[in-house]
Undergrad: 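Submitted below is the structure of interest, expressed as structure tokens.
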Amino acid sequence: MSITDILSADDIAAALQECQDPDTFEPQKFFQTSGLAKMSASQVKDVFRFIDNDQSGYLDEEELKFFLQKFESGARELTESETKSLMAAADNDGDGKIGADEFQEMVHS
């Protein structure tokens with residue numbers, strides 16, 4: 001499966017353009033521009049599984065660092081502050097990782 005099976009390549013490119021500079025990644029803006037926010041809960045969870053490199057059912061900070069690269073291989077890595085901010089925005093139970101339900105809630109918040 002490719003991410004472009006779910007999201008439009010043009011929408012992904014536009015979302016990545018908005019956050020190409022370090023420390024400009026804003027999750028909600030990215031989810032809106034990429035079209036992810038308009039997807040069903042099931043589709044968002046499909047994207048989550050695509051982002052979950054080790055298929056553990058959770059995203060940790062190491063996986064989040066490469067979040068943008070899951071949408072486009074040439075995209076930049078998230079900065080440490082962006083990674084921590086993304087984790088804080090979604091990790092509702094404070095366990096240091098983001099589950100599929102937490103990810104879906106963050107995308108649709």
Side-chain angles (χ1 to χ4, degrees):
M1 176 179 96
S2 167
I3 198 79
T4 54
D5 292 340
I6 301 170
L7 298 168
S8 145
D10 289 342
D11 289 346
I12 291 170
L16 291 170
Q17 179 70 28
E18 290 177 347
C19 63
Q20 67 182 351
D21 295 325
D23 294 316
T24 60
F25 176 72
E26 297 175 27
Q28 292 308 320
K29 186 175 183 181
F30 184 86
F31 300 147
Q32 288 292 330
T33 304
S34 69
L36 198 53
K38 294 180 270 189
M39 300 284 122
S40 70
S42 172
Q43 289 170 310
V44 170
K45 288 179 181 177
D46 286 343
V47 172
F48 173 88
R49 284 188 284 280
F50 184 77
I51 297 167
D52 182 14
N53 276 347
D54 60 7
Q55 299 301 300
S56 64
Y58 296 96
L59 302 176
D60 58 25
E61 281 194 14
E62 187 64 22
E63 287 170 306
L64 290 180
K65 183 167 81 170
F66 301 106
F67 181 82
L68 297 177
Q69 294 176 357
K70 296 306 285 186
F71 291 86
E72 169 60 52
S73 61
R76 69 177 180 86
E77 292 179 10
L78 292 181
T79 65
E80 185 175 345
S81 63
E82 288 170 325
T83 301
K84 290 188 181 311
S85 177
L86 183 55
M87 177 64 74
D91 183 18
N92 297 331
D93 60 11
D95 65 355
K97 52 191 178 186
I98 300 171
D101 289 335
E102 290 173 314
F103 183 75
Q104 185 267 315
E105 287 171 23
M106 175 181 58
V107 169
H108 288 136
S109 68

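Start at 1 with the first residue, then count along the sequence. None of these values were measured; they are calculated from a predicted model.
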Undergrad: Taking atom CD of Gln28 as the centre, report whether more than 12 heavy atoms of other residues, nucleotides or ligands fall under 6.0 Å from it.
TA: yes
Undergrad: Judged by modelled atom types alone, do Asp54 and Ser56 share a side-chain donor-acceptor pair under 3.5 Å?
TA: yes
Undergrad: From Leu64 CG over to Phe103 CZ, what is the distance, rounded to the nearest 0.5 angstrom?
TA: 9.0 Å
Undergrad: Where is the tightest heavy-atom contact between Leu16 and Glu72, given as atom of each residue plus distance?
TA: CD1-CB, 3.2 Å
Undergrad: Please report the closest heavy-atom contact between Asp11 and Ser34, naming both atoms and the distance.
TA: CB-O, 3.5 Å
Undergrad: Should we say atom CZ of Phe66 is surrounded by more than 12 heavy atoms from elsewhere, each under 6.0 Å from it?
TA: yes
Undergrad: Looking at every heavy atom in both Thr83 and Leu78, which two are closest together, and how far apart are they?
TA: OG1-CB, 3.5 Å
Undergrad: With the side chain counted from C-beta on, respond yes when Glu82 and Arg76 share a heavy-atom pair under 4.5 Å apart, and no when they do not.
TA: yes
Undergrad: In terms of hydrophobic clusters joined by side-chain contacts under 4.5 Å, are Phe50 and Tyr58 together?
TA: no
Undergrad: With sequence neighbours left out, which residue pairs that include part of residues 91-109 fulfil the salt bridge (Lys or Arg N to Asp or Glu O under 4.0 Å) condition?
TA: Lys45-Asp101
Undergrad: Evaluate the side-chain contact (heavy atoms from CB on, under 4.5 Å) criterion for residues Leu86 and Met106: first the C-alpha distance (whole Å), next the side-chain angles of each, then the deciding distance (0.1 Å), finally the verdict.
TA: CA-CA 9 Å; Leu86 183 55; Met106 175 181 58; 3.7 Å; yes
Undergrad: Does any N or O in the side chain of Ser73 come within less than 3.5 Å of the main-chain N or O of Gln69, such that one atom is a donor and the other an acceptor?
TA: no
Undergrad: Output the distance between atom OG (Ser85) and atom CD (Glu80), rounded to the nearest 0.5 Å.
TA: 12.0 Å
Undergrad: State which residue, out of Phe31, Phe71, Phe67, fulfils the ring-ring contact (aromatic ring centres under 6.0 Å, His included) condition with Phe25.
TA: Phe67
Undergrad: Are Met39 and Leu7 side-chain neighbours, meaning at least one heavy-atom pair lies under 4.5 Å?
TA: yes
Undergrad: With a 4.5 Å cut-off on side-chain heavy atoms, are Asp5 and Asp46 touching?
TA: no
Undergrad: Taking atom types as modelled and ignoring hydrogens, do the side chains of Ser40 and Ser42 form a donor-acceptor contact shorter than 3.5 angstrom?
TA: no
Undergrad: Of Ile51, Ile98, Asn53, which is the lone residue that meets side-chain contact (heavy atoms from CB on, under 4.5 Å) with Glu63?
TA: Asn53
Undergrad: Using the rule that Ile, Leu, Val, Met, Phe, Trp and Tyr join whenever any side-chain heavy atoms are under 4.5 Å apart, tell me whether Leu59 and Ile3 fall into a single cluster.
TA: yes
